[in-house]
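Down below is the structure, laid out as structure tokens.
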Amino acid sequence: MEILMAFVIGILFMSATYLMLSKSLLRIIVGTGLLSHGAHMLILTMGGLKKGAAPLLGENAPSYTDPIPQALILTAIVISFGVTAFFLVLAYRAYQELGTDNMDRMRGTEGND
Amino acid sequence: MSLLHLAIISPFLLAILVPIAYKLFRQIHTGWFVFPLPILLFSYFISYLSITSNQQSVTKSFAWIPTLGIDFTAKVDGLGLLFALLITGIGALVVLYSIYYLDKNKEKLNTFYVYLLLFMGAMLGVVLSDNLIVLYTFWEFTSFSSFLLIGYWYHREKSRYGAQKSMIITVFGGLSMLGGIILLYMMTGTFSISEIIAQSDEIFSHVLFVPALLCILLGAFTKSAQFPFHIWLPDAMEAPTPVSAYLHSATMVKAGIYLVARMSPVFAEHSLWLWLIAGFGITTLFWGSFSAVKQTDLKAILAFSTVSQLGMIMSLLGIGAAALHFETVDDSYFTVATTAAVFHLINHATFKGSLFMVAGIVDHETGTRDIRKLGGLMNFMPITFTLAIIGTFSMAGLPPFNGFLSKEMFFTGMVRVLEMDIFNLDTWGFLFPVLAWVASVFTFIYSMILVFKTFTGKFQPEQLEKKPHEAPIGMLISPIILASLVIIIGFFPNIISNTLISPAQAAIMPVEGYVYDTHIYFWHGFTPELFMTLGVITLGILLFVTLPKWRSVYNLFPEKLALNRFYDSMLEVSQRASFNLTRLYMNGFIRTYLVYIFSFFIVALAATLVLKDAFKFDTSDVATIHYAEVLLALVIAAASVSILFVKSRMTSIILLGAVGYTVSLFFVIFRAPDLALTQLVIETISVSLFLLAFYHLPKLRHEERIRFKMTNALISVGVGAIVTMIALSAHSNKMFPSIAQYYVENTYKEAAGKNMVNVILVDFRGFDTMFEITVLGIAALGIFAMIKLRLEGGKKNENK
Amino acid sequence: MNEIANIVIIVLIILGAFLSLVAAYGVIRLPDIYTRNHAASKSATLGVMSILLGALLFFYVKDGFFNSRVLLGIIFIFMTSPVAGHLIARAAYNSGVELWDKSVQDDLKDAPHMKKAGSKEQ
Amino acid sequence: MINFLILPILIPLVTGVLLIFAAKRIMLQRWIAGISSVIAIIFSALLVQKVRARGIQTLDVSSWEAPFGITLVSDMMSALLVLTTSIIAFLCLIYSFWSIGEAREKFYYYAAFNFLIVGVNGAFTTGDIFNLFVFFEVMLMASYVLLVLGGKKAQLRESIKYILVNVISSALFVIAVAYLYSVVGTLNMAHISVRISEASQGTPPGIITVIAVLFLIVFGLKGAIFPLYFWMPGSYYAPPAPVLALFGALLTKVGVYSITRTYTLFFYHDTGFTHQLLSFLAIMSIIAGVIGAIAYWDIKKIIIYNIIIAVGAILFGVSAMTTDSLTGSIFYLIHDMIIKAALFLLAGIVIAIAGTSNLHKISGLIKRYPGLGWTFFISALALAGIPPLSGFVGKLLIVKGGFEAEHYWGAGIVLMSSLLVLFSIMKVFINGFWGTPRAYKGEDKVPVGKMLIAPVILVIIAVFYGVGSEYVYPYISQAAETLANPEIYIEAVLKEY
Amino acid sequence: MKTNDIILQTATKVVLFLIVLFSIHIFFAGHYTPGGGFVGGLLTSGAIVLLLLAFDMKTVSKILPVNYIHMIAVGLLFSIGTGAGALLFNVPFLTHAFGHVDLPVLGDTSLHTATLFDLGVFLVVVGVTMTIIQTIGEDE
Amino acid sequence: MLNTVVLSAILIISAATIGLIYRVIKGPTTPDRVVALDAIGINLVAIVALISIALNTSAFVEVILLIGILAFIGTVAFSKYLEKGVIIENERDR
């Protein structure tokens with residue numbers, strides 16, 4: 001299962017990267033969404049999958065899955081939610097001010113003096 | 001902190017008071033507040049003569065950063081004292097001169113004297129520190145005070161140019177010297193010069209010896225304007241003339257000489273030292289004097305002349321180093337070069353200082369320094385003319401001035417090279433006297449140009465800005481004093497031989513138990529040197545008279561090859577090239593930056609994986625796969641990949657949602673109920689936010705073209721592959737049990753909960769959670785502020 | 001007792017799965033939004049209800065009491081599903097989505113307040 | 001008081017929260033923020049003293065013993081950085097009073113400001129790798145807010161890029177932690193170090209090295225090393241001066257700190273590979289930074305590129321891994337925080353006066369603003385590491401350490417970079433402050449005197465930091481000692497090991 | 001466009017009750033079964049969003065006159081305060097305490113400071129979500 | 001027996017879900033997508049219920065209700081958006 005998941009995560013990262021390299025701001029943000037999904041899945045996978053019951057002591061199981069990765073993912077999910085929300089609103093505002101969602105037209109001033 | 005330290009620091013202290021004095025007493029020329037200090041210091045240092053003339057030294061230490069071996073150790077020995085006297089003595093004269101030279105109503109005297117005092121203190125620090133780091137500190141101080149003084153009239157383009165140039169070159173040298181100092185520290189474990197000298201035998205064989213030598217020499221050469229670093233000095237002439245007289249002829253440029261002299265006992269063992277110093281010195285001598293002839297600006301002539309004279313002193317020090325290789329120094333047969341170096345150092349300060357002041361007077365009284373416009377000033381300013389004659393004749397090496405004596409000794413030193421049989425001097429050594437002689441001819445010529453083109457010939461009043469007249473007496477005092485020194489030393493050289501020269505020589509070439517006893521003779525008999533001098537004079541007069549005829553020789557040296565051009569274009573090209581280069585990769589497109597970042601990610605990690613043979617694939621510890629899970633995996637993969645190809649925004653958002661929900665299903669499968677719950681809710685909110693945020697975007701006029709880009713595809717596949725590969729090998733490399741068991745045991749017992757994940761979140765790792773919600777809170781604040789606060793009017797989206 | 005319960009659960013689950021499949025088939029194959037909505041909100045809801053009933057029964061057998069949250073879920077879905085279906089249909093109509101060209105009747109065609117439906121999104 | 005080391009995190013946190021309530025009352029906000037800042041400085045200073053007197057301070061948050069809960073660790077390095085951060089925060093804060101504008105102040109500027117400090121101090125203090133991530137996020141989120149606050153076009157545009165890059169680096173951070181967790185099964189940094197040492201008797205397994213490189217990439221993105229710095233010049237160009245000063249002085253330094261921490265605490269087993277790579281990247285950063293710094297005629301850009309150079313120099317010292325070079329790196333790190341803040345604040349004043357940061361359009365400022373000019377001059381010298389100012393000792397030790405580690409070329413480049421740093425920064429002085437004075441529109445409205453307070457204090461600190469190195473040295477060397485000997489750290493955290 | 005939303009509004013009133021009930025349950029049960037302050041908060045804001053959907057901003061702010069940004073701050077203060085309480089007893093920050101109390105009606109109830117902490121999380125989450133939704137909503 | 005049934009039911013419903021995803025992608029109108037999404041939500045409820053049975057745990061029952069709630073809110077929001085162009089009104093009846 002872990003091996004399958006590794007490939008799934010790889011695909012998620014691949015799609016995310018491809019999207020983040022595109023021009024449209026929306027696609028970029030979608031890319032970051034995929035990226036965080038991939039990262040979260042990776043934590044879970046790295047903690048080891050299906051090693052026991054859900055980490056609820058009420059289950060009275062002989063063994064439980066590692067709760068740490070789950071707690072980490074939870075924190076990470078919340079944080080990436082905050083970031084995504086912020087990013088989305090930023091995109092919205094940027095569109096209002098700059099009138100475009102094309103990254104090519106949001107060129108910075110680094111090049112020209 | 002001793003009186004000696006106080007003496008070194010006193011200029012800095014006074015520098016703090018100068019602006020205050022300037023504010024309070026506007027009517028009095030600020031120079032008068034400064035003037036007493038160098039006098040006082042001069043007389044203070046005179047009191048050390050009794051000690052150093054016995055070739056003893058005084059060391060006073062003051063802890064600064066002892067843990068790093070950096071102590072402010074002040075050491076007065078012959079060499080240091082000689083320089084200290086020069087600095088304070090000439091300093092006093094220059095301050096006096098400046099009082100008349102700079103108008104108290106027109107100039108910003110406060111800054112001027114602050115810089116000047118900073119310089120004076122720094123210079124004293126350089127010559128009196130025994131600790132290399134302290135020396136370096138003061139060294140950089142001199143560079144910067146010089147920078148500030150050259151840029152004193154900062155509204156002038158040329159001043160700024162000259163200031164920048166001098167700073168770049170001297171700081172370059174300074175840094176390289178610092179490198180050398182650190183290398184020396186690594187060999188000896190100390191920054192103290194005396195201790196390094198004491199270990200000179202050990203370090204000679206050290207592998208870092210040569211690099212250290214080169215680094216230190218680079219510092220000395222740049223500071224003392226040795227070829228090819230001399231180019232900053234002529235441009236430094238943009239400084240007010242008193243500054244030129246002080247910094248750029250008498251003192252600061254001699255810091256390099258000082259350094260070479262000071263470090264001679266450490267490095268002189270090595271042939272490289274001799275060859276580099278003597279070679280660069282003689283080249284500089286030649287090139288400087290040769291270039292001086294073609295100059296038309298009085299101060300430019302003097303600048304090149306300074307360059308050449310510095311080269312001369314440098315070459316003498318180089319040759320003098322050879323003396324260390326001979327068994328006996330008794331007969332001072334070979335040490336004459338060093339004696340000459342020290343002697344000429346003093347002489348140069350006197351005559352060049354006075355000449356600069358003369359040039360300043362001419363400039364001040366006529367408004368120009370261009371010798372093509374000047375001429376016939378003899379009648380208007382007789383005293384100045386006399387002073388100029390004394391200075392230039394001494395410079396040209398004519399009797400009975402001091403310059404003649406040192407020039408003779410210089411020839412002696414150079415001729416004796418022929419008798420040396422070390423370091424291949426027997427094969428190439430003949431070049432030294434030859435070049436020396438040729439350079440002397442040019443020296444003679446430019447000296448003549450300097451005095452005769454200015455003071456004799458046709459008077460051209462129409463070319464001058466002012467009606468020339470003799471300078472005020474105050475302005476003449478300083479050059480008169482210097483000129484009289486030129487004569488006095490010329491006639492009675494031995495008043496300084498055993499008080500100043502021998503002690504200095506002892507510091508340069510310390511030989512245990514040997515007491516230098518220098519005597520300078522006016523008449524040596526009919527030696528080769530005398531004939532050389534005679535030749536110089538004869539040929540010099542001849543060439544001076546026929547100057548217009550052969551001047552075109554200088555056209556053979558195209559401007560393009562000039563070092564200045566090289567410097568300018570290097571500066572220009574480096575800026576332009578870096579600008580173009582930067583613009584090439586900093587193109588403002590975030591995509592480009594991401595390409596760099598991801599490429600590095602791929603390359604670095606792939607290389608590490610391969611080089612470290614880190615990829616490991618181990619299926620012994622994997623969970624079972626169920627077909628439903630495969631199905632889910634396929635869904636997630638299909639959804640994420642198809643986002644790449646969909647055209648409508650809505651669809652890609654929905655697909656992202658699909659991925660998110662599938663992830664939460666995975667969380668269900670992998671026994672993570674809390675995660676599943678959270679992921680579900682978060683995903684829903686995210687999707688609705690996506691819709692909200694992109695609702696405002698206009699309908700795409702033409703559907704977004706998703707052009708397939710090979711680079712993008714390659715990079716994304718690479719990233720995916722790397723992530724997968726590391727995941728596989730990280731999973732196959734589980735080396736330790738997780739710390740999870742602790743939570744299983746303690747969740748109920750110690751934290752009174754049953755949901756481990758939740759208990760971890762609020763208790764075990766509650767700290768994380770606290771800041772996680774802080775992040776959320778900040779995000780909300782930011783979103784609120786972003787929407788409400790619009791400093792640029794915030795026009796609404798017109799497509800709405 | 002257990003056997004009977006098991007059989008009931010199995011039946012419920014099979015029924016639910018079948019209904020879900022039917023609903024999906026409907027959503028895919030039916031010609032326009034209104035018919036698809038019909039398929040989705042009726043059969044899918046029924047399908048999930050039966051599966052949830054199965055689950056409820058399962059947990060009853062396992063734990064000995066009715067799981068309150070499953071019950072709550074059943075009630076919730078029971079209540080919201082029709083509302084949701086209604087809202088979608090109305091929204092679709094009001095946003096001007098065309099009926100299937102073979103539809104025979106459109107009662108709201110002439111209703112005045114429905115007419116100026118914005119041609120908002122596609 | 002066992003909770004002492006949490007106070008530098010807690011004080012700004014509480015302040016930030018309280019400031020949310022006071023959003024509309026600007027004077028009240030300023031007072032609260034100012035006073036709490038001073039208190040934070042006092043406590044950080046006391047913390048430094050405490051670490052000096054009693055060694056590393058640790059706090060097991062929530063009372064869970066070390067590898068299981070989150071442990072906060074104040075070793076000397078982190079305590080010093082926290083102190084520096086608090087001081088810089090205070091000065092940027094008072095600078096903001098006169099420069100940031102009421103509109104921003106009403107929209108939670110000070111709250112976000114304090115949260116940024118929470119993040120930075122937290123990142124310096126935490127002893128848990130995942131908690132480090134959380135603090136990074138606090139810091140980043142606050143920085144996003146500060147960057148975008150005001151909603152000007154350039155701000156919005158650059159924020160997008162900044163956030164995008166940081167989202168990527170956060171994701172990479174998460175996966176790096178995940179990989180590391182998979183291999184060693186723990187999150188506490190000391191415990192990780194112990195387990196990595198156990199796993200790598202002699203040579204470490206390849207996977208550890210891979211993870212080390214991944215961490216380098218993650219932190220390198222934050223710390224703006226070559227070739228990951230490209231996002232920085234543009235993003236740092238957009239925000240107003242005090243924010244820029246905070247970013248320039250603190251944010252990249254957190255990345256540098258994290259590299260230093262991980263590379264001295266975890267990944268010191270395969271220095272032949274990882275530290276060689278680090279040293280190569282450090283040198284390349286210096287070169288790239290120098291190229292950028294001399295390319296532009298723009299005050300902000302010049303200083304921004306100088307950040308990259310400094311990062312390179314510091315990391316070069318870290319990569320050499322000798323006691324001297326580590327000491328030098330810490331010396332230089334703190335120096336750079338101080339002086340970059342000063343320079344950005346000064347640049348802010350110049351821009352406020354001239355209305356532009358283009359050097360072609362500025363000249364002769366020193367005539368009307370001598371105080372500004374000389375402050376700038378001294379900080380320029382300090383930046384270039386001219387003795388006896390603050391940059392010197394650090395640079396000296398880094399170069400010395402480099403030579404000792406036989407990285408002659410690298411050390412030489414570090415040394416010579418000073419020249420080009422000087423050249424680039426003096427370009428500002430020569431062209432902006434020297435030259436023919438001009439009149440600028442609206443320059444009379446700029447409260448130059450008040451705005452100068454903060455940079456002048458910073459420059460004074462820089463001077464004392466350099467001249468008084470003797471007094472600072474014991475602290476720094478204690479910090480370097482901990483870095484050079486991870487056992488000290490581990491022992492302090494895990495006690496029984 | 002004027003529409004009547006009788007069906008939606010009526011359904012909302014009932015469903016809202018269910019959701020709030022569920023979210024409170026999930027909040028308190030978090031220590032033992034899946035859930036907790038975070039999900040609870042999100043659900044509560046979901047309920048409020050439903051209100052917003054069925055009614056309008058003005059009506060909702062009349063029913064719930066809350067400044068959501070202040071709610072975030074209060075929530076943060078709760079969480080920090082729970083942690084900082086430990087400072088008074090000179091135990092490490094965020095050390096939780098719990099005990100069993102015999103309450104007259106509810107019987108044996110365990111009181112846990114972690115619940116207070118979680119309440120902070122709950123408030124922050126509600127505040128954040130609602131701030132975001134409200135600001136964007138107002139901007140449209 | 002039960003297990004086999006549950007697993008095959010999961011498979012069947014997954015297949016149904018994939019079909020619905022096809023509808024989501026295909027459209028052609030947004031209401032179509034919303035209908036399909038609503039149905040997916042319902043199916044997810046079913047899947048989670050089945051997984052709970054399969055894993056023999058009641059840990060996920062919260063998820064069931066949650067999905068229901070979210071699907072409902074989502075559908076309401078979508079339909080309001082489609083109908084009125086705004087999701088949240090500032091003030092109704094104006």
Side-chain angles (χ1 to χ4, degrees), chain A residues 1-4 6-15 17-21 24 26 30 33-34 37 41-42 44 46 49-50 53-58 64-68 70-71 73-75 77-79 81-82 84-86 88-93 95-96 101 103-104 107-108 110-111, chain B residues 583 586-591 594 598 622-623 625 633 636-637 640-641 643-644 649 652 656 659 663 670-673 675 678 682 686 689 693-694 697 704 712 715-717 719-720 723-724 727-728 731 738 740 743-744 747-748 754-757 760-761 765 768 772 775-776 779 782-783 786 797:
Chain A
M1 191 69 228
E2 280 89 347
I3 293 159
L4 178 67
F7 281 98
V8 168
I9 291 158
I11 288 169
L12 279 175
F13 268 86
M14 184 196 77
S15 314
T17 313
Y18 193 91
L19 286 171
M20 287 188 296
L21 290 173
S24 149
L26 170 75
V30 170
L34 285 185
H37 285 320
M41 299 280 274
L42 185 70
L44 199 64
M46 289 292 102
L49 297 172
K50 302 201 267 189
L56 303 168
L57 288 175
Y64 298 95
T65 43
D66 190 345
I68 287 272
Q70 298 193 10
I73 295 172
L74 215 69
T75 308
I77 288 178
V78 176
I79 288 173
F81 164 66
T84 308
F86 190 88
L88 280 168
V89 176
L90 175 65
Y92 162 74
R93 284 281 293 125
Y95 181 72
Q96 276 188 342
D101 76 326
M103 285 314 287
D104 281 2
R107 222 179 133 171
E110 294 97 311
Chain B
R583 200 164 52 172
M586 302 297 296
N587 60 4
F589 293 123
I590 186 68
R591 179 184 168 269
L594 292 185
F598 284 127
V622 291
I625 301 187
I636 215 168
S640 66
V641 171
I643 296 180
L644 309 183
R649 293 196 180 110
S652 44
L656 176 67
V659 172
V663 168
F670 295 145
R671 280 90 162 155
L675 283 182
T678 315
I682 291 275
S686 307
L689 277 178
F694 282 90
L697 266 65
E704 217 168 320
N712 290 11
I715 287 171
S716 32
V717 170
V719 170
V723 170
T724 308
L728 290 176
H731 179 260
S738 154
Y743 300 103
V744 177
T747 298
Y748 192 72
K754 286 182 176 167
N755 179 354
M756 282 183 237
V757 175
I760 290 176
L761 279 178
R765 298 183 69 88
D768 274 351
E772 155 208 323
V775 172
L776 271 190
I783 289 169
M786 200 157 35
N797 167 18

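Fair warning: this is a prediction, and the values are worked out from it, not measured in the lab. Below, chains carry the letters A, B, ... as their sequence lines are ordered, and counting in each starts from 1.
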Counting only non-hydrogen atoms closer than 4.5 Å, does B:I590 touch chain A with its backbone (N, CA, C, O), its side chain (CB onward), both, or neither? side chain
Please name the pair of heavy atoms, one in A:F86 and one in B:A779, separated by the smallest distance, quoted to 0.1 Å. CD1-O, 3.8 Å
Once rounded to the nearest 0.5 Å, what's the spacing between atom CG of A:L19 and atom CD1 of B:I643? 6.0 Å
Can you tell which part of A:I73 gets under 4.5 Å to a heavy atom of chain B, answering side chain, backbone, both or neither? both
If we define contacts as heavy-atom pairs under 4.5 Å, which of A:V8, A:I79, A:V30, A:T65 has the most with chain B? A:V30
Pairs of heavy atoms under 4.5 Å with chain A: top-ranked of B:A727, B:S716, B:A637: B:S716
Of the listed residues (A:I77, A:L88, A:L56, A:I11), which shares the most heavy-atom pairs with chain B below a 4.5 Å separation? A:L88
Which atom pair, heavy atoms only, marks the closest approach of B:S640 to A:L12? CB-CD2, 3.8 Å
Below 4.5 Å from any heavy atom of chain B, which atoms of A:L44 appear? Answer side chain, backbone, both or neither. side chain
Against chain A, label B:F670 side chain, backbone, both or neither, depending on which of its atoms sit under 4.5 Å from a heavy atom there. both
Side-chain contact test, heavy atoms from C-beta onward, threshold under 4.5 Å: evaluate it for B:Y743 versus A:D66 and give yes or no. no
Are the side chains of B:T724 and A:I9 in touch, meaning some heavy atoms are under 4.5 Å apart? no
Could you look at A:Y64 and say if it's the side chain, the backbone, both or neither that has a heavy atom under 4.5 Å from chain B? side chain
Counting only heavy atoms closer than 4.5 Å, note whether B:R591 contacts chain A via side chain, backbone, both or neither. both
Picking from B:N755, B:L675, B:V775, B:L761, which has the most non-hydrogen pairs under 4.5 angstrom with chain A? B:L675
What part of A:L74 gets within 4.5 angstrom of chain B, counting heavy atoms only: side chain, backbone, both, or neither? both
To the nearest 0.5 Å, what is the distance between CZ (A:F81) and CD1 (B:I682)? 5.0 Å
Gap between atom CD1 of B:I625 and atom CD of A:E2 - 0.5 Å precision: 8.5 Å
With distance as the sole criterion, is a donor-acceptor pair present between the side chains of B:D768 and A:T75 under 3.5 Å? no
Chain B: which of A:A71, A:P55, A:G10 shares the most heavy-atom pairs with it under 4.5 Å? A:P55
May I ask you to test the B:M786-A:Y92 pair for a side-chain heavy-atom distance under 4.5 Å? no
Student check: side-chain heavy atoms of B:H731 and A:I3 closer than 4.5 Å: no
Can you check side-chain contact (heavy atoms from CB on, under 4.5 Å) on A:F7 and B:L728, steps first, answer last? CA-CA 9 Å; A:F7 281 98; B:L728 290 176; 4.3 Å; yes
Show your reasoning for whether side-chain contact (heavy atoms from CB on, under 4.5 Å) applies to A:L26 and B:S652. CA-CA 9 Å; A:L26 170 75; B:S652 44; 4.0 Å; yes
Check whether any side-chain N or O of A:Q70 sits under 3.5 Å from a backbone N or O of B:R671 as a donor-acceptor pair, and report yes or no. yes
Which atoms of B:L776 approach chain A - backbone, side chain, both or neither, heavy atom under 4.5 Å: side chain
Please classify the contact of A:V89 with chain B as side chain, backbone, both or neither, using a heavy-atom distance under 4.5 Å. both
Any side-chain heavy-atom pair of A:M14 and B:V723 under 4.5 Å: no
When the 4.5 angstrom heavy-atom criterion is applied to B:L689 and chain A, the contacting part is both
Between NE2 of A:H37 and CD1 of B:I636, what distance do you get to the nearest 0.5 Å? 8.0 Å
A:A85 versus chain B, heavy atoms under 4.5 Å apart: side chain, backbone, both or neither? both
